[in-house]
Q: 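Take this structure first; my questions come after.
Start at 1 with the first residue, then count along the sequence.
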Amino acid sequence: MGGYLGKFIAVNLTSKTVSDYHLSEKLLKDFVGGRGLGARLLWDLAPAGIDPLDPESPLLFLTGPLTGIIPGGAQTCVVCKSPLTENTLTHSLVGGGWGPELKFAGYDGIIITGKAEIPVLLDINDGSVEFHPAEQYWGLKTSEAARKIQKAINDPRAQVLCIGPAGERLVRFASIQHELFHSAARGGAGCVMGSKNLKALVVRGCGRIEVEARKDFFNLYNKVQRRLTESRKTTSRGYKLSRWGSTVSSLAHSDVSELDVRNYREAYWPGIDAVGGLEYEYRYKVKSRSCYLCPVSCMQLGVIRDGPFKGFLVNPDFDSSGTIGPGLLLEDLGYMVYLSRLADDWGMDATSLGNTAGFALECYEKGLLTADDLDGLQLSWGDTAEILELWHRILNRRGFGDVLAEGVKKASQVLGEETKSFAMHVKGLEFAGYAPQAHHDRALQYAVGDRGGCHHFGLNLEEQNRRAWADSLTGCTWHHYMIAPQDYLDFLSYATGKEYRIKDWEETALRILLMARMYNIREGMIPERDDVLPERVHADVLQWGPKKGAFYPKEKFSRDREQWYLERGCDKKGFPQEDTLFSLRLEFTLQALREREKEDVPGND
């Protein structure tokens with residue numbers, strides 16, 4: 001089919017072998033690519049119950065049929081079993097130019113298993129794959145490693161995905177970085193990559209991506225390109241994205257009491273103006289940047305012009321700073337954006353890192369974590385020097401930092417039952433920078449999301465469908481608001497030569513969502529036990545701001561969750577119903593469903 005190159009490669013790092021891996025047209029039509037295909041491949045390739053850090057646990061780098069050929073089609077979907085949750089999959093989208101370059105090099109995706117004896121990098125160049133020693137890059141920050149790799153191969157335009165020291169040291173929420181500021185962050189894919197002694201994947205390609213109906217495809221391309229370009233002046237979302245990216249959204253989220261403030265204890269912060277997107281634009285912004293083929297340019301490149309970190313290149317967004325700034329009560333903008341940059345350089349999910357630090361600060365405040373536990377370190381909200389030192393200990397797994405490097409869920413288990421109510425995660429994945437007490441749709445998506453407590457799942461059924469498609473086509477996560485479903489389906493039809501109709505939209509999205517849910521169930525998830533929220537969301541009433549008094553009553557949450565289950569073809573306990581699985585051609589998952597349904601579920605009171 002057009003759009004696809006028809007060639008995946010399987011790389012075994014243990015044996016240093018590379019082989020072609022072919023998929024049927026039926027499988028591609030059912031699961032599209034990226035996120036959807038990743039869930040299906042993980043089911044097929046990862047033995048049930050495998051440890052995420054086992055050498056044979058697969059790490060997938062997947063494109064989609066529109067990668068590199070539509071505006072914003074620049075994403076790569078990284079899929080693996082999460083080392084942070086240990087019983088769910090994770091999928092992370094990373095933008096930039098790596099995914100399109102992989103397709104130009106001749107491949108739709110890479111399946112990696114095994115573990116190299118010494119650190120290695122993969123060099124993929126127009127259909128050839130070579131292994132190179134990477135010991136000289138081991139220990140380097142991501143930006144430094146990428147520059148040195150490009151210099152070593154004498155190609156400054158080579159596209160590099162790499163891990164930093166966090167992935168090498170198996171920090172459970174380690175990320176994979178591209179062009180410094182693009183992150184495959186959520187769920188710990190960088191930890192899996194580090195466990196395989198794989199430092200980097202370098203891609204160069206000059207090939208073509210064919211489409212079947214070229215005239216129709218490029219007419220639609222021009223139409224959508226113009227719409228996105230004009231959106232910078234004609235729509236509120238387009239204007240905000242091109243001028244401020246998501247940095248400005250912290251102001252709006254504070255105004256409606258949806259901002260992580262002091263480990264989600266509050267959701268409104270009067271101090272947000274000091275570190276919000278308007279202040280960043282005034283003091284540090286240099287220019288807007290974009291991913292491959294994107295006319296919106298939502299990335300906000302800047303330079304710190306004052307203070308101890310003067311001269312550092314930075315590129316914050318809300319996801320990389322929400323749990324760091326208001327979450328930790330940091331009122332110093334220079335420090336906040338530097339910490340965001342540092343997380344990228346170390347190869348760490350800034351969202352999980354900020355959340356984990358906030359949890360540690362609250363434990364210290366309540367006397368559940370002491371200076372003796374921290375080898376003399378004394379923590380307090382907003383103290384930049386202490387927070388930076390805590391981060392160094394997490395990176396280096398030194399002292400109690402070794403516990404925090406395992407994530408909030410495991411740290412809470414070590415510190416005891418008293419900490420469970422404010423350990424802000426679902427299934428082991430830390431909340432993003434959005435407090436959910438006053439926004440029950442936000443809380444519900446945290447609870448039922450396939451990766452855990454992530455805002456990317458979608459606030460309602462329509463958004464969940466749009467995100468499932470965008471992540472599988474590997475289009476921009478922002479563009480799904482501005483590109484209509486019919487446009488995506490027409491792009492796909494013109495590219496592949498196969499007809500996709502609007503009736504396919506909801507059915508395919510549901511197949512993708514339930515494929516992931518069934519994988520999690522096979523790996524040990526029990527919905528009634530695991531699709532739950534920390535007690536803080538139900539019991540700790542907001543004390544400040546326009547939504548003062550808000551919380552999410554547990555009874556209402558249970559009703560809302562049950563309603564979501566039923567709307568998504570599941571039973572009242574959250575297990576997909578057998579007739580739903582048959583109708584979606586997921587009947588191969590039935591045995592795992594029946595085995596898990598037999599298990600007793602402990603009460604959730």
Side-chain angles (χ1 to χ4, degrees), residues 11 13 34-35 37-39 41-42 45-46 50-63 75-96 98-99 102 109-116 121-122 142 145-146 160-201 203 319-320 343-344 346-353 405-407 427-430 432 449-454 456 471 474 477 516 519-520 523:
V11 177
L13 295 172
R35 173 179 167 185
L37 187 60
L41 288 177
L42 208 59
L45 299 175
I50 195 169
D51 186 308
L53 303 185
D54 186 293
E56 296 312 307
S57 185
L59 177 61
L60 314 176
F61 297 85
L62 303 172
T63 66
Q75 306 293 308
T76 304
C77 191
V78 184
V79 183
C80 61
K81 189 176 184 182
S82 171
L84 189 58
T85 68
E86 296 188 303
N87 68 349
T88 74
L89 54 67
T90 188
H91 50 83
S92 297
L93 277 293
V94 55
W98 194 91
L102 181 66
I110 305 173
I111 301 164
I112 296 176
T113 55
K115 179 179 180 179
L121 65 83
L122 288 181
T142 58
V160 181
L161 272 179
C162 66
I163 59 171
E168 298 166 7
R169 295 165 193 170
L170 305 187
V171 173
R172 293 276 174 163
F173 43 84
S175 63
I176 303 172
Q177 298 294 133
H178 170 52
E179 292 182 345
L180 181 56
F181 300 116
H182 294 288
S183 305
R186 307 254 57 200
C191 179
V192 174
M193 191 162 159
S195 75
K196 297 182 179 300
N197 270 340
L198 179 59
K199 179 66 177 181
L201 297 97
V203 179
D319 290 343
S320 72
D344 289 336
W346 286 348
M348 250 197 267
D349 177 3
T351 295
S352 284
L353 181 56
E406 295 291 301
K427 304 181 185 77
L429 183 68
E430 292 81 10
D450 47 33
R451 295 190 291 182
C454 186
H456 188 81
D471 293 350
T474 64
T477 188
Y519 176 83
N520 292 347
E523 298 307 300

Q: First locate atom CZ of F181, then atom OG1 of T142, and finally report the distance between them rounded to the nearest 0.5 Å.
A: 9.0 Å

Q: Measure the spacing between OH of Y519 and CG of L41 and express it to the nearest 0.5 Å.
A: 11.5 Å

Q: Mind checking whether K199 and I163 have side chains closer than 4.5 Å, heavy atoms only?
A: yes

Q: Looking at T88, is its backbone amide N or carbonyl O close enough to the side chain of K81 to form a donor-acceptor pair, meaning the two atoms are under 3.5 Å apart?
A: no

Q: In terms of side-chain geometry, is the basic nitrogen of R172 or E430 positioned less than 4.0 Å from the acidic oxygen of its partner?
A: no

Q: Could you check if a side-chain atom of V79 sits within less than 4.5 angstrom of a side-chain atom of L42, using non-hydrogen atoms only?
A: yes

Q: Of all heavy-atom pairs between P52 and V192, which one has the smallest distance, and what is that distance?
A: O-CG2, 3.9 Å

Q: In Å and rounded to the nearest 0.5 Å, what is the CE to CG distance from M193 to L198?
A: 4.0 Å

Q: Would you give the length of the straight line joining atom CZ of F61 to atom CG of L201, rounded to the nearest 0.5 angstrom?
A: 5.0 Å

Q: Provide the closest heavy-atom pair for C191 versus P83 in the form atom of the first, atom of the second, distance.
A: CB-CG, 3.9 Å

Q: Yes or no on side chain to side chain contact (heavy atoms under 4.5 Å, CB included) for L84 and T90, after CA distance, side-chain angles and deciding distance?
A: CA-CA 9 Å; L84 189 58; T90 188; over 6 Å; no

Q: Do side-chain atoms of K196 reach the backbone of P55 as a donor and acceptor pair under 3.5 angstrom?
A: yes

Q: Identify the heavy atoms of N520 and D450 that sit nearest to each other, and give their distance.
A: ND2-O, 2.9 Å

Q: Can you list the residues that meet the side chain to side chain donor-acceptor pair (under 3.5 Å) rule with N87, with sequence neighbours excluded?
A: none

Q: Specify the closest pair of heavy atoms between S57 and I50, including all atoms of both residues, with the distance to one decimal.
A: N-CD1, 3.6 Å

Q: Would the distance check show the side chain of T351 and the main-chain N or O of D319 forming a donor-acceptor pair, the cut-off being under 3.5 Å?
A: yes

Q: Please report the shortest heavy-atom distance between T85 and S82, naming the atom on each side.
A: N-OG, 3.2 Å

Q: Any donor-acceptor pair under 3.5 Å linking the side chain of T474 with the backbone of G34?
A: no

Q: Once rounded to the nearest 0.5 Å, what's the spacing between atom OG1 of T76 and atom CD1 of I176?
A: 10.0 Å

Q: Where the side chain of D471 meets the backbone of C77, is there a donor-acceptor pair that is under 3.5 Å apart?
A: no

Q: Which pairs pass side chain to side chain donor-acceptor pair (under 3.5 Å) with one or both residues in residues 180-195, sequence neighbours excluded?
A: Q177-S183, E179-H182, S183-D344, R186-D349, R186-S352

Q: Nearest 0.5 Å, what's the CG-CG distance between L93 and L62?
A: 10.5 Å

Q: State, to 0.1 Å, how close L13 and I112 come at their nearest heavy-atom pair, and which atoms those are.
A: CD1-CG2, 3.7 Å

Q: Quick one: does I110's side chain get under 4.5 Å of L102's, heavy atoms only?
A: yes

